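Here's the structure we're looking at; comments come further down.
Note that the structure is predicted; figures quoted are calculated from it, not measured. Residue numbers count from 1 along this sequence.
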Amino acid sequence: TVAVAESYTEAACVCLDRHHESPVAFEIANSGRVTDTIAEWKKPDDRTRGAWANETDATEAGAYACALAAVELSDGLVAVHRAETRTGADYYIAPADGALEDLESCLRLEVSGVDRGGPSTVVQRLKEKLEQVVAGVSNLPAMAGVVGFRARVIRFSRVEES
């Protein structure tokens, strides 16, 4: 919904503003492809920073905003439904022009954010998130994505089908 998207975006602005000034270059790495993009945001005011003073919550919500925007930019996939508990994922995603009612045709997406740390921290978290997705109670294909706010990178990886 618009309200959820605005909330996530607000958190992303706070997270980005902790380390950078708008605009800043970002790298999206997805299935061996690298896309360079520019992240721009409105500088959060004191009230907004106060609303997102819990770093864990802000990083999680901000990562949702950035990962969902990045997977749309890189793969044309959009969020269609919040994933249920124990699926190992956060969202179901599908092509923007596809049938959005049928979750069976969706891909599960697990998202995480890393506020500090470099690219190696992002890669390590991505490995952990892939393990989480594999352990999820679902037979749908899946991928994981990690947003590195300080590192200015978003990495995605799909779970290999066995």
Side-chain angles (χ1 to χ4, degrees), residues 4-5 7-9 11-16 18-20 24-39 52 54-162:
V4 172
S7 178
Y8 289 168
T9 300
C13 293
V14 169
C15 292
L16 290 165
R18 287 181 190 144
H19 307 291
H20 313 288
V24 70
F26 244 81
E27 177 184 283
I28 302 168
N30 189 347
S31 304
R33 296 180 328 263
V34 175
T35 303
D36 292 318
T37 191
I38 301 294
W52 290 101
N54 181 305
E55 186 178 306
T56 301
D57 289 349
T59 302
E60 178 181 291
Y64 289 149
C66 293
L68 291 170
V71 79
E72 183 174 4
L73 181 65
S74 67
D75 284 36
L77 301 172
V78 298
V80 297
H81 201 277
R82 190 76 159 100
E84 300 84 4
T85 305
R86 297 180 37 146
T87 60
D90 295 304
Y91 277 93
Y92 295 104
I93 56 176
D97 59 356
L100 304 180
E101 311 80 43
D102 181 17
L103 296 182
E104 290 299 315
S105 63
C106 291
L107 182 69
R108 291 177 296 141
L109 174 64
E110 170 59 19
V111 175
S112 186
V114 176
D115 184 60
R116 295 176 193 84
S120 63
T121 305
V122 173
V123 169
Q124 179 57 40
R125 177 70 61 83
L126 184 58
K127 289 177 185 175
E128 295 167 8
K129 291 296 156 177
L130 286 168
E131 290 173 6
Q132 177 181 324
V133 162
V134 168
V137 181
S138 176
N139 61 353
L140 293 178
M143 67 188 296
V146 177
V147 178
F149 286 103
R150 179 179 282 167
R152 296 180 296 117
V153 64
I154 303 170
R155 298 227 181 278
F156 291 101
S157 185
R158 290 188 185 232
V159 173
E160 297 300 320
E161 294 185 32
S162 52

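- Of the inter-residue distances, the one linking Ser138 atom OG with Glu84 atom CD reads 8.0 Å to the nearest 0.5 angstrom.
- In terms of heavy-atom proximity, Ala70 sits nearest to Ile28 at CB-CD1, 3.7 Å.
- Of the possible donor and acceptor atoms, one in the side chain of Arg152 sits under 3.5 Å from a partner among the backbone N and O of Ala25.
- Distance check, rounded to the nearest 0.5 Å: CG of Leu140 to CG of Leu109 gives 13.0 Å.
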Criterion side chain to side chain contact (heavy atoms under 4.5 Å, CB included) on Leu130 and Val159, from CA distance to verdict: CA-CA 7 Å; Leu130 286 168; Val159 173; 4.0 Å; yes

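- A cation-pi contact, defined as under 6.0 Å to the ring centre and within 45° of the axis, links Arg82 to Tyr91.
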Worked check of side chain to side chain contact (heavy atoms under 4.5 Å, CB included) between His19 and Asp115: CA-CA 9 Å; His19 307 291; Asp115 184 60; 3.1 Å; yes

Verdict with supporting geometry, Tyr64 and Val4, side chain to side chain contact (heavy atoms under 4.5 Å, CB included): CA-CA 10 Å; Tyr64 289 149; Val4 172; over 6 Å; no

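- Of all heavy-atom pairs spanning Pro95 and Leu77, the tightest one is N-CD2, 3.4 Å.
- Remark: side-chain polar atoms of Asn30 are not paired, donor with acceptor, to backbone N or O of Ser74 under 3.5 angstrom.
- Listed for the Arg116 side chain is no donor-acceptor partner under 3.5 Å among the backbone atoms of Arg150.
- For the pair Val111 and Ala67, the tightest heavy-atom approach, listed with the atom from each and the gap, is CG1-CB, 3.8 Å.
- Put simply, CD on Glu72 and CD1 on Ile93 are 10.5 Å apart, with the number rounded to the nearest 0.5 Å.
- Residues Gly62 and Ala11 share a closest heavy-atom pair of N-CB, 3.5 Å.
- Considering OG1 of Thr9 and CG of Leu16, their distance stands at 10.5 Å, rounded to 0.5 Å.
- The CZ atom of Phe149 sits 4.5 Å away from the SG atom of Cys66 when rounded to the nearest 0.5 Å.
- Smallest separation of non-hydrogen atoms from Arg125 and Gly113: NH1-O, 2.9 Å.
- Using a distance-only test at 3.5 Å, with no hydrogens or angles considered, no donor-acceptor pair links the side chain of Arg108 to the main chain of Ala83.
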From CA spacing to verdict: side chain to side chain donor-acceptor pair (under 3.5 Å), Gln124, Lys127: CA-CA 5 Å; Gln124 179 57 40; Lys127 289 177 185 175; 4.7 Å; no

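- Salt bridge status for Arg33 with Asp75: present, with a side-chain N to carboxylate O gap under 4.0 Å.
- To the nearest 0.5 Å, atoms OG (Ser112) and CD (Glu128) are separated by 8.0 Å.
- Taking the side chain as every heavy atom from C-beta outward, Thr121 and Val146 never approach each other to under 4.5 Å.
- In this structure, Asn54 and Glu60 have side chains that are not in contact, with every pair of non-hydrogen atoms separated by 4.5 Å or more.
- Ring geometry for His20 against Phe26 counts as perpendicular: the plane angle is over 60°, on a 0 to 90° scale with 30° as the lower cut.
- Nearest heavy atoms, Val80 versus Cys106: CG2-SG, 3.5 Å.
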